[in-house]
Each structure stands twice: as structure tokens, then as C-alpha cells.
2 protein chains.
Amino acid sequence: MDISDKIIGRLSQYRRLLSMIAETGQSNIYSHQIASFVKISSAQVRRDIMNIGYTGNPNNGYNIKDLAESIGSFIDDAEPQFAALVGVGNLGKAIIDYFSGRRPKLSIAASFDSDPQKQSRVIHGCRCYSLEEFDEVVRDKNITIGIIAVPTADAQKTADMLIKAGVKGLLNFAPVPLHVHSTIYIEDIDITMSLEKVAYFARQ
Amino acid sequence: MDISDKIIGRLSQYRRLLSMIAETGQSNIYSHQIASFVKISSAQVRRDIMNIGYTGNPNNGYNIKDLAESIGSFIDDAEPQFAALVGVGNLGKAIIDYFSGRRPKLSIAASFDSDPQKQSRVIHGCRCYSLEEFDEVVRDKNITIGIIAVPTADAQKTADMLIKAGVKGLLNFAPVPLHVHSTIYIEDIDITMSLEKVAYFARQ
DNA sequence: CGGTGTGAAGCGCTTCACAGCG
DNA sequence: CGCTGTGAAGCGCTTCACACCG
């Protein structure tokens, strides 16, 4: 079986939940407990865990620490992965905030902005470079992930630039569909669309 | 047929695309053109349009202006809707940025923060209030949508507060599942999860 | 022809339901 | 008992494929 993007998403949620619970000292957990926290069915939880090859036992359910590690070794690469953030506006800063030191295997290694005011400033341990330094920094720091937080008008050319430098996956916050080669994975976060959805369903 | 949340999301995308194209002066468009812009199949586009009861014609496809209006009258309410943003950090400011005056029928009418420094400041025409003023402002401004951009630890109590004040839908940026009554619609935007998905697929 | 509109088929994800087990 | 692991069923979304039309 190959793993769909939904499964990866849920695994990421499970892991986050498990690390939170681990801190309380609890050592085991049942699928229905995980399920009620993240609001999906327990069958779904069990199937997801089955998919990564981890197995619990009927007595104690799952060992929290082991399961978290299993998920980690499944969704994280063996080597750490590095991302570049392009566009250090409010959104860019918020993203750096969210991530600073959150995950050992995944970090934002550099940020870029066209505004000279921002360049060579360091925000949460992440230095901001000029766009001229782009190719060099991406190569040197072995960056494979791009985060697009630039104005809509610059999004496509930012994507092109990132991909040309060798990036393999994009997280796109610009409210516009990017056109790139199909080997590149894109995840869109479309805040406007999400708010419109909420507005629609808030009145049903 | 009732309309799923995916359909609403796509309709929102179509509308945004259509307004962009309308500005070029083009007046008609085919389903396959829409499809190639937003990267879904033309059959999907036609079916979505069918769902809202609009109909094109085999000669010219769809009239851009009419279709955009049709989508608008479907996903927008007759009355304008108002949202409240809680948490005016970098993310909160970015969200206000994104939205300021974007849609006539949907706007962020007020923001809230516990930091007195931010209170009564106006960002992009959106005034920041203290949490003490919360219930009053929400009621006065007829707010039905809440946007949660507070630190994770405060997310649940922010949600409770919003709902108690009468909000019917939530857009949640905190990386934690919120537990609320099932009549409340929640849309989660989980940036960490999204980045982990990109990281995973960037190396397949 | 090259479009739209749409019943029907296809497909992937989710849930059911139960065997197996401590 | 009450849990996990999982084949099979169910369900909803997407795509196919074709009638119809200008």
C-alpha cells in the first residue's frame, strides 16, 4: 500500500498529541482515546497505525513513546530536512515563530526577502538573506523545501526560482494555483478560501 | 443534493479566478480553461457549476461575469457577515492584511488581544479591543465567525469564549483540535502538519 | 466538430464488524 | 470482557463517456 497525503496528515497530528500526553507521564493509550482527542474514528486510528507497521496489544493499547517514535521514523527522513522561507512579512515571521526548534528533523534554515531592511536580520535564529544569495544559500544549506509567503503577484516566479534551485516540495500561502512540474509536491494553504468556507457553513 | 465543504472550497477558487480574468476584459470561458488554471478536471468544474444551478452553453462556455455572480449568490449570504480575530500577533496581522477589503460580503470587523499595547490600535481599518469588551463588541457588530490566532495554550478557552458570545463558525490556526458542540463549524489550518506533509512528499 | 449537462461507473477513503487474544 | 488487527462493505467524491446542442 502506498500512503496518501491524508494519512501523513493524521500521523502528524497523532505524533503531536502523543508528545503532549507523554509529558503527563502516561505511558499507554488506546485507539479510541487518540480518536476522541483528534476527532476521528478509532477504526481510522488503528488503520493508520497499521499502515506504518506499528502494532499495539489488546491489553494496554499502544505504548505512547514507541508509537511516537514509530511515526517519527515513518514520516521523518533519516537525515534532517531544511526549508527556505521566501517573504518575511507578518505571515513569514509567524511561520518562523511556529517552527523555531519544534522538530529536530525539520527546520527553516534560511529566509529571503527583497527588502534590504530585513536582510541579514536574524529572527528566531533564522537569518534573512537577499534574493541574490538565493541559489548559493539553498545549495549550501541543502534546502529541499520551499515556503512561499510572498504577495500573490510574486508567487509563481518565487516557485520557479525555488524549483530551479533544486527544491522538491512547496508550501504555498499565496492565494493562487502554482504551475510547476508534476514531480514537485505542492501543499496550498488558502486562508481566504478557508474563511469563506467557515462563513458558508456558519449559517447552515 | 447538499453541498460538501470541498465544493464550497472550489467554488471560492473559481470565483477568485473569474474576477482575475474578468479584469483582462475576457467575457467567456470554458470549463477546461478553468480546470487548467486551478488544476482539476473539467468534468469536476462542470459538475460544481451544475451544483449551484448555473448553466452555460456549448457555444461560448460560461459567461464570466454571470458565473462569478452566481457563485457569489450561492456562497455569500444575502447579508454581510462579520468575523472577529482573536490574537493580534504576526499571524493575526497577516490575516487582517489578507482580508482587508477583499470581499464586500465578508470582513473582519474587530480584533482582540490581551496585550494592552495593542488595544485600541487600528490595523488596516480593523480596531483591536481588549478581551473585557469581547461580548459587547461581538454582539454590537453582529459577529458570527471567529478566527483563532492565539497561542496553542489559549486556543480552547478562546473557542469557548467565542461560542459563548454566539459565534457559529471557527477558523482555527492553533495546532490543537478544538472540542466544541457539533453545531459549530470548524475549519483548521495546521501549518505544522502541512509542512510535515511537504517534507514527506518532497522526498518520494 | 467542440463545447455543456449528466447518469453511471470507478476509485479511494472510512467505517463496520468480527476473529483473535491477553 | 475490551482491546487490536483487518477483510469486507459502505459511502462520497471524481471521472468517464455520451447524448445533446449551436
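Within every chain, numbering begins at 1; the chains are lettered A, B, ... in the order of the sequence lines, protein sequences first and strands thereafter. Predicted model only: the values in this text are computed from it and were never measured.
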Under the salt bridge (charged side-chain N to carboxylate O under 4.0 Å, His left out) test, residues paired with A:R10 that sit two or more places apart: A:D48
Integer-rounded Å distance: D:dC13 P and A:K6 NZ: 9 Å
Under-4.0 Å salt bridge between B:K157 and B:D154: yes
Residue mapping more 5' on DNA chain C - nearest nucleotide basis, A:N57 or A:D48: A:D48
Rounded distance in Å - CG (B:N28) to P (C:dT4): 11 Å
Check: C:dT15 base within 3.5 Å donor-acceptor of A:R47 side chain: yes
Closest to the B:S4 side chain, choosing from D:dG22, D:dC13, D:dG2: D:dC13
Residue B:Y62, side-chain heavy atoms: nucleotide from D:dG22, C:dT4, D:dC16 that is nearest: C:dT4
Position toward the 5' end of DNA chain D (nearest nucleotide), A:Y30 or A:M50: A:Y30
Phosphate OP1/OP2 of D:dT14 contacted by B:S41 side-chain N/O (<4.0 Å): no
Nucleotide D:dG7, atom P - distance to CG of A:N51 in whole Å: 12 Å
Rounded interatomic separation in angstrom, taking CG from B:L11 and P from D:dC13: 13 Å
Any N/O donor-acceptor pair, B:R46 side-chain to C:dG3 base, under 3.5 Å: no
Distance below 4.0 Å between B:S31 side-chain N/O and C:dG3 OP1 or OP2: no
Non-hydrogen side-chain atoms of B:T192 and A:R16 separated by less than 4.5 Å: yes
Integer-rounded Å distance: D:dT6 P and A:Y54 OH: 14 Å
Between A:Y200 and A:E196, a side-chain donor and acceptor under 3.5 Å: no
Between D:dG2 (P) and A:I29 (CD1): distance, integer Å: 19 Å
Distance in angstrom units between B:D2 CG and D:dC13 P, rounded: 8 Å
Toward the 5' end of DNA chain C, by each residue's nearest nucleotide, B:N60 or A:Q44: B:N60
Selection from D:dG22, C:dT14, D:dT14 that lies nearest to any side-chain heavy atom of B:R10: D:dT14
Interatomic distance, B:F112 atom CZ to B:M161 atom CE [nearest 0.5 angstrom]: 7.5 Å
Length of the line joining A:I52:CD1 and D:dT6:P, which is rounded to integer Å: 13 Å
